[in-house]
Colleague: 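Below are the C-alpha cells for one structure; questions will follow.
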2 protein chains.
Amino acid sequence: MDGLATLPRLETVLERLEGSAALEDMQDIIVGLRDAFGVDHMVYHWVNGNGDQYGCGTYAPEWVERYLEQGYLRIDPVVLGCFQRFHPVDWKRLDWSSKAARAFQKEAMDYGLGNQGYSIPIRGPNGQFALFTVNHRCDDPDWATFCATKRRDLILVAHYFNQKALEFEPGRIPEQGQALSPREVEAITLLAVGYSRAQAAGELSISEHTLRVYIESARFKLGALNTTHAVARALSRGLIVV
Amino acid sequence: MDGLATLPRLETVLERLEGSAALEDMQDIIVGLRDAFGVDHMVYHWVNGNGDQYGCGTYAPEWVERYLEQGYLRIDPVVLGCFQRFHPVDWKRLDWSSKAARAFQKEAMDYGLGNQGYSIPIRGPNGQFALFTVNHRCDDPDWATFCATKRRDLILVAHYFNQKALEFEPGRIPEQGQALSPREVEAITLLAVGYSRAQAAGELSISEHTLRVYIESARFKLGALNTTHAVARALSRGLIVV
DNA sequence: TTTCAACTCCCCAGAAACAGCGAGGGGAGA
DNA sequence: TCTCCCCTCGCTGTTTCTGGGGAGTTGAAA
C-alpha cells in the first residue's frame with residue numbers, strides 16, 4: 001500500500017490514457033496503473049445486454065477463463081451488487097451471504113485475488129455497463145485508508161479508462177439506429193409493468209390490434225424473438241424504464 | 001471566466017458536498033459552485049423514466065416553469081443528445097438542426113441562458129439519468145479554455161452532486177423482496193433472452209412443467225402479474241443480468 | 001428430528017399471444 | 001413534390017402461456 005508515494009501525478013496518468021492509440025495499449029496501461037496505485041490487481045470489465053463481455057486487467061488468465069466458462073457473471077456478487085448501485089462500492093458492503101457467493105469468493109482467492117476490493121460502476125446509454133475494479137490483499141484499516149485517499153482518483157481514472165475503451169470498440173456501441181417510436185415505447189412500457197395486450201390497448205385508447213402492431217414493430221427493431229424478449233431488451237438498453 | 005482564480009480547492013467543495021445534510025442545501029451549494037467556477041449558470045437536472053423531474057440550479061425560475069409546462073424535456077437537444085452519449089459534451093457538438101431545437105435555443109437565451117454550455121450525463125441503475133450542466137455567455141476560445149481546464153473538476157463535482165441528490169431522493173426505494181432461487185434465476189434469465197418455455201426447459205434439462213413452476217414461483221416472489229412483468233421486474237431489480 | 005424451502009414431475013381447460021394477410025391518413029424531411 | 005415513417009384499424013388460424021389442481025425427493029437449517 002506504499003504505492004501512494006510512487007503514484008505519478010494523476011494528470012500524467014490521464015494524459016497517457018488520452019494519448020493511447022490502440023486497444024492493445026489498454027492492457028499495458030492498466031498494468032501500469034496497477035503498479036502506480038500499488039495494488040495487487042486492477043481490472044476493467046465491460047458487459048453488454050447480449051451477455052458479451054470484454055475485459056482487461058491483471059487477474060490470472062486462468063481465473064478469467066474459468067470465470068467466463070462457468071458463467072460467473074450471473075452469480076458474481078460484485079457484478080450483481082454494482083449493477084444495482086449508483087456509486088463506487090467497497091466489496092465488504094456487498095452481499096456475500098449466499099452459499100454460491102462464498103464459494104465464488106473462495107475460488108477467486110485460490111486464483112490469486114486479494115481479500116479487499118473496490119469497484120466503480122460505469123454506465124452509458126442503451127444499458128452499457130462496465131466495472132472498474134481495484135483488488136488487493138491487506139487488512140481492513142490499510143484498505144480503508146487507501147479507499148479514502150484514492151477514491152477520487154479512481155473515479156476519474158475509471159471514467160477516462162472507460163471512455164478510451166469505448167473508442168476502440170465501435171461495435172460495442174449498440175446499433176442505436178433502431179430507436180423505438182413513442183407509441184412503441186408506451187406499448188412496451190405497459191407490457192413491462194404487467195398489462196396484458198388488451199389492458200395496454202385500453203390504456204392507450206387504441207385497438208388491441210394496433211397495439212399488437214407496435215409490439216411487433218418493436219420486436220423487429222429490437223431483434224427480439226418474442227414479446228418478453230423485446231421487453232427485456234428494451235429495459236437492458238435503457239429504452240424504457242419501469 | 002476569471003472565476004478560476006477564486007475557485008476554492010476542489011477538496012473543499014467536495015467536502016462541503018459530502019457534509020451537507022438537507023435537500024435545501026443543494027440549491028445553496030450549486031449557487032456557490034456557480035460563483036466558484038465563475039460561470040453564469042450551473043444546473044443539476046434529474047429525470048426518471050416516468051417523466052418525473054427534479055432539478056436545482058441557477059436558471060431563471062420563469063424558464064424552469066416554462067420548460068416544465070411545455071414539456072421541453074422531450075425536445076431539449078441537450079437532454080436528447082446527452083441521453084445517447086457516454087461522456088460529457090459541449091453544447092456545440094449537439095444536434096441543433098431541427099426547427100424545434102432552434103426555437104428552443106432562442107427562447108432559452110431570451111430567458112437569460114448563455115450561448116455556451118457543457119453537460120455531463122450521469123447514470124444509475126434502472127435507467128436513472130441526470131444531467132449536470134454549466135452554462136455561460138462568452139466567445140468560443142474562452143469557452144474552450146474553460147472546458148479544457150475544468151473538465152475533470154466538473155466530472156467529479158457532477159458525480160458527488162448526484163450522489164448527494166440521490167440520498168435525498170425518496171423515490172429510490174430499494175424495494176427488494178425475497179431473492180430468487182438459482183433455478184428461478186436461470187429460468188427467468190432464459191426467458192429474458194428470448195427462449196420459449198419449451199426451449200428453456202430443454203436448455204435446463206428439466207420438464208416444461210417444472211420450468212413452469214419456477215416461473216410461477218418467481219412471479220409470486222416478484223409480485224408480478226404475468227411472466228413478462230416478472231422478467232421486467234427481475235431485470236429492474238438487477239436480479240438477473242441479460 | 002423435524003421442518004421448510006428448493007427441486008422435480010404430471011394433467012387439463014381457457015385465455016392470451018403469435019404470425020400472416022390486408023388497408024388508409026398524416027406529418028416531416030429530401 | 002414525393003417518399004418514408006408513424007399511427008390507426010380489420011380478419012383468421014395456430015401456438016403458447018396461464019392458473020387450477022396434486023405428489024414425491026433432497027438438503028439445510030432450526
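Proteins come first, then strands; the chains are lettered A, B, ... in the order of their sequence lines, and each starts at number 1. Treat the numbers as computed from the prediction; the structure is a model and nothing was measured.
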Colleague: For B:F161, give me all partners under ring pair (Phe, Tyr, Trp, His ring centres under 6.0 Å), at least two apart in sequence or on another chain.
Modeller: B:Y44, B:F132
Colleague: Partners of A:Y118 by ring pair (Phe, Tyr, Trp, His ring centres under 6.0 Å), sequence neighbours excluded?
Modeller: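 For A:Y118 there are no ring pair (Phe, Tyr, Trp, His ring centres under 6.0 Å) partners, ignoring immediate neighbours.
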Colleague: So which protein nitrogen or oxygen atoms get under 3.5 Å of nucleotides 23-30 of chain C's nitrogens or oxygens?
Modeller:
none

Colleague: With sequence neighbours left out, what residues match A:Q163 under side-chain contact (heavy atoms from CB on, under 4.5 Å)?
Modeller: A:H159, A:E167, B:H87, B:R151
Colleague: Go through the structure and list residues passing salt bridge (charged side-chain N to carboxylate O under 4.0 Å, His left out) with A:E65, not counting sequence neighbours.
Modeller: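 Result, salt bridge (charged side-chain N to carboxylate O under 4.0 Å, His left out) vs A:E65: none returned.
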Colleague: Quick one: is D:dC9 close enough that its OP1 or OP2 comes under 4.0 Å of any side-chain N or O from A:T210?
Modeller: yes
Colleague: For B:H229, which residues count as a ring pair (Phe, Tyr, Trp, His ring centres under 6.0 Å) partner, sequence neighbours excluded?
Modeller: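 In terms of ring pair (Phe, Tyr, Trp, His ring centres under 6.0 Å), with neighbours along the sequence ignored, B:H229 is linked to no residue.
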Colleague: So, does B:K221 get its side chain near the phosphate of C:dA5, meaning an N or O under 4.0 Å from OP1 or OP2?
Modeller: no
Colleague: Protein-nucleotides 13-20 of chain C N/O pairs closer than 3.5 Å?
Modeller:
residue: C:dA17; atom: OP1; partner: A:R197; partner atom: N; Å: 3.0
residue: C:dA17; atom: OP2; partner: A:R197; partner atom: NE; Å: 3.3
residue: C:dC18; atom: OP1; partner: A:T227; partner atom: N; Å: 3.1
residue: C:dC18; atom: OP1; partner: A:T227; partner atom: OG1; Å: 2.5
residue: C:dC18; atom: OP2; partner: A:T227; partner atom: OG1; Å: 2.6
residue: C:dA19; atom: OP2; partner: A:R219; partner atom: NH2; Å: 2.8
residue: C:dA19; atom: N6; partner: A:R212; partner atom: NH1; Å: 2.6
residue: C:dA19; atom: N6; partner: A:R212; partner atom: NH2; Å: 3.2
residue: C:dG20; atom: O6; partner: A:R212; partner atom: NH2; Å: 2.2

Colleague: Does B:R237 qualify as a cation-pi partner of A:F83, given the criterion of NZ or CZ under 6.0 Å from the six-membered ring centre and within 45 degrees of its axis?
Modeller: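 No; the conditions do not both hold, so B:R237 does not lie above the ring face of A:F83.
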Colleague: Send over the distance from B:L211 CG to C:dC10 C1', rounded to a whole Å.
Modeller: 15 Å
Colleague: Report the residues that fulfil side-chain contact (heavy atoms from CB on, under 4.5 Å) with B:D76, sequence neighbours left out, ordered by chain and then residue number.
Modeller: B:Y67, B:V78, B:V79, B:F104
Colleague: Nearest-Å distance, CG (B:L204) to P (C:dA6)?
Modeller: 17 Å
Colleague: Roughly, in whole Å, what's the span from NE2 in A:H229 to C1' in D:dC17?
Modeller: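 Distance check: A:H229 NE2 to D:dC17 C1' gives 18 Å.
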Colleague: Under 4.0 Å between a Lys/Arg side-chain N and an Asp/Glu carboxylate O for B:R212 and B:E208?
Modeller: no
Colleague: Provide, to the nearest angstrom, the distance between the OH atom belonging to A:Y214 and the P atom belonging to D:dC5.
Modeller: 16 Å
Colleague: For A:S205 and for A:S217, locate the closest nucleotide of DNA chain D by heavy-atom distance; then report the residue assigned to the nucleotide nearer the 5' terminus.
Modeller: A:S217
Colleague: Can you find a side chain N or O atom of B:S181 that sits less than 4.0 Å from OP1 or OP2 on C:dC7?
Modeller: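 Yes, B:S181 has a side-chain N/O under 4.0 Å of OP1/OP2 on C:dC7.
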Colleague: With sequence neighbours excluded, what pairs up with B:R34 under the salt bridge (charged side-chain N to carboxylate O under 4.0 Å, His left out) test?
Modeller: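 Partners of B:R34 by the salt bridge (charged side-chain N to carboxylate O under 4.0 Å, His left out) criterion come out as none, since no residue qualifies.
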